[in-house]
Amino acid sequence: MKRRALLALFPSAALAFPERAITLVVPFAAGGSTDIAARLLAERLTGLLATRVVVENRTGAGGALGSEAVKRAPADGHTLLFASASSHGANPAVFRDLSYDAVADFAAVALTGVTPLALAVPPGGARDVAGLRAQLADGRGAYGSAGAGSITHLSSELFLQRAGLRAEHIPYRGGAPALEALARGEVPFAMDTLAGVAGLAADGRIRLLALGTARPAPTYPQLPTLESQGLGPYDLSTWNAMLAPAGTPPARVAALAQAVHAALAEPALAARLAGLGVEVPPPTGPAATQAFIAAEIAKFRAVADAAGLRLERP
């Protein structure tokens, strides 16, 4: 982007920022959907901000280690976090000894994407939500998740709470092993991202019963929501947001937010994210993003409290 266009996009903030390359910390392993989405966004931001935006993977503890690193970074806008519903929703709700405050220790920049969750069963499992509820009615059923305290764990717990059911939790070492176990019929249901289950469903290895969001997904308009199946209010999804360390100058945060919104408004980027199952949200500025994260933590905490779930950080 030429200097004049940059100034028009970011007014005075562009005069002194960015001063050097920006590091975008992804607190999860390379190659996953969060990492890929971050790299797609970083590529476009490199052009818009006229400086390199470099992705750095800092993995461990469900996103906590990368979050801690950004919390401790200089608050100058040059180190950012690609936060998720795990690092800034489930973790604060579940872990007793988390070493960062998901709201107070960060300056929210923008919400970058939302991915619906879906309820899935083995190919020979229940035909619909009512059938699954009947199957689990004796309390001897089970469900798989990507691990204790994960989004898939909490979303399954909310399903059981809304349905008035009990089932044994079987944590696996990640989402892929949990879905493989579901496909083999080891557990009668699991919840995961729509992006994660779509391929298995297309191959007939699992069956999708419902969405965990309040509205249907554009890519699966025929799939009913759990709320429409008599589960009461049910609206959980995974999401990503860009954050800076607390204390980052508001003008720099605003410049970054405008750049993110400009990138996400590009049809080519939106299409590539859609291929990952990521929906581009309406432009969500710093204040709205901060409020969104706080509300998500409260939502996840209510699920964890009802399940009596409090864990020590891994």
Side-chain angles (χ1 to χ4, degrees), residues 26-29 32-38 59-67 81-95 98 102 111-120 143-162 167 169-179 181-182 187 189-198 200 206 208 210-214 217 225-226 231 233-241 243 276-279 281 292-307 309-311 313-314:
V26 176
F28 301 101
S33 58
T34 295
D35 175 71
I36 295 170
T59 65
L65 296 187
S67 299
L81 177 69
F82 202 65
S84 74
S86 293
S87 66
H88 280 65
N91 279 2
V94 170
F95 293 113
L98 204 61
L111 189 64
T112 64
V114 177
T115 304
L117 291 163
L119 174 66
Y143 66 93
S145 82
S150 66
I151 299 298
T152 55
H153 180 190
L154 293 177
S155 58
S156 296
E157 277 295 329
L158 182 59
F159 165 73
L160 294 170
Q161 291 168 18
R162 291 283 190 266
H169 174 223
I170 302 178
Y172 291 85
R173 293 182 177 272
L179 290 177
L182 179 71
V187 290
F189 83 94
M191 292 199 70
D192 209 310
T193 64
L194 188 55
V197 298
L200 291 172
I206 62 173
L208 304 184
L211 281 176
T213 48
T225 65
L226 282 170
L231 267 293
Y234 192 112
D235 188 15
L236 287 183
S237 58
T238 63
W239 44 265
N240 292 109
L243 310 178
L276 297 173
V278 178
E279 299 177 9
F292 171 84
I293 292 172
E296 287 290 292
I297 293 170
K299 187 188 298 183
F300 285 118
R301 185 167 288 141
V303 178
D305 287 347
L309 185 61
R310 279 291 181 271
L311 303 174
R313 201 186 81 168

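In what follows, residues are counted from 1 in the order of the sequence shown. Because the structure is a prediction, the values reported are computed rather than measured.
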Can you name the nearest heavy-atom pair linking A93 to A304, along with the distance? O-CB, 3.8 Å

Rounded to the nearest 0.5 Å, what's the gap from CG on D305 to CZ on R310? Could you check? 4.5 Å

Given I151, which of S86, S156, S237 fulfils the side-chain contact (heavy atoms from CB on, under 4.5 Å) condition? S86

Any side-chain to backbone donor/acceptor pair from T213 onto P116? Under 3.5 Å, distance only. no

Can you see whether S145 engages H169 through a side-chain donor-acceptor pair at a distance of less than 3.5 angstrom? yes

Could you report the tightest heavy-atom contact between L154 and G149, atom names first, then the distance? CD1-O, 4.3 Å

Could you walk me through whether F159 and L117 pass side-chain contact (heavy atoms from CB on, under 4.5 Å), step by step? CA-CA 12 Å; F159 165 73; L117 291 163; over 6 Å; no

Can you see which heavy atom on A217 is nearest to which on L194, and at what distance? CB-CD2, 3.8 Å

Would you find a donor on one side and an acceptor on the other, under 3.5 Å apart, between the side chain of T152 and the backbone of D192? no

Is there side-chain contact between L309 and H153, with at least one heavy-atom pair below 4.5 Å? yes

Between R301 and A90, is there a donor-acceptor pair closer than 3.5 Å when you use the side chain of the first and the backbone of the second? no

Begin from the C-alpha positions of L81 and S67 and carry the test side-chain contact (heavy atoms from CB on, under 4.5 Å) through to its verdict. CA-CA 7 Å; L81 177 69; S67 299; 3.7 Å; yes

Trace of the side-chain contact (heavy atoms from CB on, under 4.5 Å) decision for L158 with M191: CA-CA 11 Å; L158 182 59; M191 292 199 70; over 6 Å; no

Which heavy atom in A64 sits nearest to a heavy atom in L98, and how many Å separate them? CB-CD1, 4.2 Å

Once rounded to the nearest 0.5 Å, what's the spacing between atom OG1 of T193 and atom CH2 of W239? 15.0 Å

For D235, is there any backbone N or O sitting under 3.5 Å from a side-chain donor or acceptor partner on K299? yes

Give a yes or no on whether the backbone of A83 and the side-chain of S87 come within a donor-acceptor separation of less than 3.5 Å. no

Can you sort out the partners of T34 under side-chain contact (heavy atoms from CB on, under 4.5 Å), two or more places apart, ordered by chain and number? V26, F28, F82, N240

Search all heavy atoms of G212 against all heavy atoms of L226 and return the closest pair with its distance. CA-CD1, 4.1 Å

Test your reading of the model: is there a side-chain donor-acceptor pair from N91 to the backbone of G62, 3.5 Å cut-off? yes

Give me the atom names and distance for the closest heavy-atom approach of T225 to A210. C-CB, 4.2 Å

With side-chain contact (heavy atoms from CB on, under 4.5 Å) as the test, would you mind laying out the steps for V197 and L182 before giving the verdict? CA-CA 11 Å; V197 298; L182 179 71; over 6 Å; no

Treating Q161 as the side-chain partner and V303 as the backbone partner, does any N or O pair qualify as donor plus acceptor under 3.5 Å? yes

Given 3.5 Å as the limit, does a donor-acceptor pair link the side chain of Y143 with the main chain of E157, or not? no

